[in-house]
Asker: 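Attaching a single structure in structure tokens format; questions to follow.
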Amino acid sequence: AYLHRYPHALSGGQRQRVAIARALITQPQLVICDEPVSMLDAHIQAQVLALMQELKEQLQLSYLFITHDLAIARRFCDRVAVMYRGKIVELAPTAQLFARPQHPYTQKLLAAALS
């Protein structure tokens with residue numbers, strides 16, 4: 001049923017799943033994801049992230065997950081790098097970064113996001 005549909009006829013979640021499938025065809029070890037769920041509603045975001053997590057475990061993938069959504073980074077990422085003016089200013093395991101941010105920019109970013 002989906003084979004003959006044009007991209008505009010697919011939902012945002014369906015398009016993201018197609019993009020994931022296309023990225024995995026070559027059997028990569030690393031997939032770079034730039035805001036992969038930013039334009040999806042919360043329910044579809046959860047489905048796509050669950051799919052990505054399942055694929056990560058099954059295929060032993062690593063993701064470089066680029067996002068502005070700190071809540072998603074907190075739930076999905078093992079480590080977080082915070083960038084300021086194009087440079088990484090802090091890199092830490094996710095739980096550590098959220099519990100004890102070291103860099104002033106990270107502290108301000110988390111304070112703004114959590115308020």
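All values reported here derive from a predicted model rather than from experimental measurement.
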Asker: Quick one, L97 and T106 - any side-chain contact, counting heavy atoms below 4.5 Å?
Answerer: yes
Asker: Could you tell me if the side chain of Q29 sits less than 4.5 Å from the side chain of S62, heavy atoms only?
Answerer: no
Asker: Which pair of heavy atoms, one from F76 and one from L49, lies closest together, and at what distance?
Answerer: CE1-O, 3.6 Å
Asker: Establish whether V31 and L51 are linked, either directly or via other cluster members, by ILVMFWY side-chain heavy-atom contacts under 4.5 Å.
Answerer: yes
Asker: Give, for atom NE2 of H103 and atom CG of L109, the distance between the pair rounded to the nearest 0.5 Å.
Answerer: 11.5 Å
Asker: Please report the closest heavy-atom contact between F98 and L70, naming both atoms and the distance.
Answerer: CZ-O, 3.5 Å
Asker: Are L91 and V80 side-chain neighbours, meaning at least one heavy-atom pair lies under 4.5 Å?
Answerer: no
Asker: With distance as the sole test, does E90 use its side chain to make a donor-acceptor pair with the main-chain N or O of Q102 at under 3.5 Å?
Answerer: yes
Asker: Quick check: do E35 and H68 have side-chain heavy atoms less than 4.5 Å from each other?
Answerer: yes
Asker: Quick check for you: to the nearest 0.5 Å, what is the distance between D34 atom CG and L64 atom CG?
Answerer: 9.0 Å
Asker: Decide yes or no on side chain to side chain contact (heavy atoms under 4.5 Å, CB included) for F65 and I72, but give the supporting numbers first.
Answerer: CA-CA 10 Å; F65 197 92; I72 289 176; 3.6 Å; yes
Asker: To check you understand the geometry: which heavy-atom pair defines the closest contact between V48 and G13, and what is its length?
Answerer: CG2-O, 4.5 Å
Asker: Rounded to the nearest 0.5 Å, what's the gap from CD1 on I66 to CE on M83? Could you check?
Answerer: 8.5 Å
Asker: Which atom names give the shortest non-hydrogen contact between Q96 and A92, and what distance separates them?
Answerer: NE2-CB, 4.1 Å
Asker: Would you name the heavy atoms of L40 and G12 that are closest together and state the gap between them?
Answerer: CD2-C, 3.4 Å
Asker: Any side-chain heavy-atom pair from L30 and Y63 closer than 4.5 angstrom?
Answerer: no
Asker: If you round to the nearest 0.5 Å, how far is NZ of K108 from OH of Y84?
Answerer: 7.5 Å
Asker: Got L24 and L61 here, is their nearest side-chain heavy-atom distance under 4.5 Å?
Answerer: yes
Asker: Got D69 and V37 here, is their nearest side-chain heavy-atom distance under 4.5 Å?
Answerer: no
Asker: Applying side chain to side chain contact (heavy atoms under 4.5 Å, CB included), run through I20 and M52 and close with a yes or a no.
Answerer: CA-CA 8 Å; I20 292 167; M52 291 175 70; 3.7 Å; yes
Asker: If every non-hydrogen atom of A73 is compared with every non-hydrogen atom of T94, which pair is closest and at what distance?
Answerer: O-CG2, 4.0 Å
Asker: Quick one: which residue pairs count as a side-chain hydrogen bond (donor to acceptor under 3.5 Å, both in side chains) with a foot in residues 37-59, not counting sequence neighbours?
Answerer: R17-Q47, H43-Q47, Q53-E57, E54-Q58, K56-D78
